[in-house]
Amino acid sequence: MGKRNGKSNNQNIEKRELHFHLYLRPSLKENYIRIFDVLADNHARLYKAVYERLKTHTNEVADEFKEEALSGQNTNIPQYTDYGDYMEAVQDYVFERLDEQFLMHYQFELMSLSNLYQVFEQQLRQYLFKEMTHNENQYMNQVKFYLENDKGEDVYSEFYSNFGKLTNLLRELKLTFTDLFGDEELIVETDTWKTIRECNLISNTYKHGSGQSASNLFDLYPQYFEKVDKTRLMDLYRTTNLKRVLDVNKISFEKYCNAMKGFWENMKEHQYGKVMANVDISSEKE
């Protein structure tokens, strides 16, 4: 939020405790919640229209592909003189088409989850940025929040730009939910936040493949990884989106969507917190 990053040897930079009042307008809260209802509805509609029959009546779909192959419609099956070879080619065609369709379902589920998490993260970053840089907080702390760095670049791109940084900020601000008994519970220690983290790890694993997110996901939820004996298919194929290496049958879009919706439902209208931040005090010396 500051105009300068503040290096350790810069005598004009001082570490200070800044206090923040965060206000979640009811209309904004309603909009944030509503988008998850829309996402859940669209996901359910698309699944029902395109993939439900593939999952629940696989044999019927396979028979249709077989008929397609036997009719020669949109196929390149050679005209074998040997009937056995011909039928084997037909079966190969059916298998390839089914595998192709199941891959499309796999990609649909994981791309939907990836988009779902990005919606939530951008909501949270937008809310925090607007509130923390609000002129009320500038006045309360007697500081000026610069929205550009020394190069004239918008600092928003660096504003708590990943899940880890957001977690640390929520923890430092000590933002809380109020449970059914009226007790305060730190957001980062709730099951809701844990579930959102799970979605974040799945999203990152799908997008990036092998890496820290995949390692963390496997440590926490090894059941999401498809295996042959003890070998993970992700390690065998070296891809997470060109092959079905995660078990989407065990991954619930509704579960994560409800967690993100619940986050905003449980977020209080007014919250107060404080963080340690670098402050440029050069103007105070003039």
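Scope of the values below: all heavy atoms of this structure, side chains included, with no hydrogens, waters or symmetry mates. All of these numbers come straight from a predicted model, not from anything done at the bench.
- Note on ring orientation: taking the six-membered ring where Trp is involved, the planes of Tyr93 and Phe65 are perpendicular (angle over 60°, cut-offs 30° and 60°).
- Residues Arg97 and Glu68 are paired through a salt bridge, judged by an N-O separation under 4.0 Å between the basic side chain and the carboxylate.
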Working note: Thr239 + Asn241, criterion side chain to side chain contact (heavy atoms under 4.5 Å, CB included); need CA distance, chi angles, decisive distance, verdict. CA-CA 6 Å; Thr239 179; Asn241 53 36; 3.5 Å; yes

Apply the test side chain to side chain contact (heavy atoms under 4.5 Å, CB included) to residues His105 and Tyr47: give CA-CA distance (whole Å), side-chain angles for both, the deciding distance (0.1 Å), then the verdict. CA-CA 8 Å; His105 171 248; Tyr47 174 79; 3.6 Å; yes

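- Partners of Gln223 under the side-chain contact (heavy atoms from CB on, under 4.5 Å) rule, at least two apart in sequence or in another chain, are Tyr221, Lys250.
- Of the possible donor and acceptor atoms, none in the side chain of Thr176 sits under 3.5 Å from a partner among the backbone N and O of Glu185.
- Taking 4.0 Å as the cut-off between side-chain N and carboxylate O, Glu184 and Lys268 count as a salt-bridged pair.
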Step by step, work out the ring pair (Phe, Tyr, Trp, His ring centres under 6.0 Å) result for Phe108 and Tyr51. CA-CA 9 Å; Phe108 162 71; Tyr51 299 110; 5.2 Å; yes

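- Rounded to the nearest 0.5 Å, atoms CE (Met234) and CG (Leu246) are 7.5 Å apart.
- Residues Lys243 and Glu226 are not paired through a salt bridge, judged by the lack of any N-O separation under 4.0 Å between the basic side chain and the carboxylate.
- For the residue pair Gln122 / Tyr117, no side-chain donor-acceptor distance below 3.5 Å is found, with atom types taken as modelled.
- Environment of NE2 in His21: crowded, with over 12 heavy atoms of neighbouring residues, nucleotides or ligands closer than 6.0 Å.
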Please determine whether salt bridge (Lys or Arg N to Asp or Glu O under 4.0 Å) holds for the pair Arg53 and Glu64, giving the CA-CA distance in whole Å, both sets of side-chain angles, and the decisive distance to 0.1 Å. CA-CA 12 Å; Arg53 184 165 174 266; Glu64 290 173 2; 2.4 Å; yes

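- Cation-pi geometry between Arg232 and Phe218 is met: under 6.0 angstrom from the ring centre, within 45 degrees of the axis.
- Counting only residues at least two apart or in different chains, side chain to side chain donor-acceptor pair (under 3.5 Å) contacts with residues 207-217 comprise Asn204-Ser213, Gln212-Asn216.
- Ring orientation note: the planes of Phe263 and Trp193 are tilted relative to one another, at an angle of 30° to 60°.
- Note: Phe159 and Phe129 have perpendicular aromatic rings, judged against thresholds of 30 and 60 degrees for the angle between ring planes.
- Every residue was checked against the side-chain contact (heavy atoms from CB on, under 4.5 Å) condition with Asn31, not counting sequence neighbours, and none meets it.
- Proximity of a side-chain donor or acceptor of Asn135 to a complementary backbone N or O of Gln138 within less than 3.5 Å is not detected.
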Start with the C-alpha distance between Arg125 and Tyr156, add both sets of side-chain angles, then the distance that settles side chain to side chain contact (heavy atoms under 4.5 Å, CB included), and finish with yes or no. CA-CA 9 Å; Arg125 290 181 68 213; Tyr156 182 70; 3.4 Å; yes

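- Ring geometry for His43 versus Phe253: interplanar angle under 30°, hence parallel rather than tilted (30 to 60°).
- The shortest side-chain heavy-atom distance between Leu242 and Leu103 does not fall under the 4.5 Å cut-off.
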Check the pair Phe120 / Gln123 against side chain to side chain contact (heavy atoms under 4.5 Å, CB included), numbers first and verdict last. CA-CA 5 Å; Phe120 172 78; Gln123 284 179 332; 4.3 Å; yes

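- Between Asp99 and Arg244 there is a salt bridge, since a side-chain N of the basic residue sits under 4.0 Å from a carboxylate O of the acidic one.
- Residues Tyr83 and Leu70 share a hydrophobic cluster, clusters being chains of Ile/Leu/Val/Met/Phe/Trp/Tyr side chains in contact below 4.5 Å.
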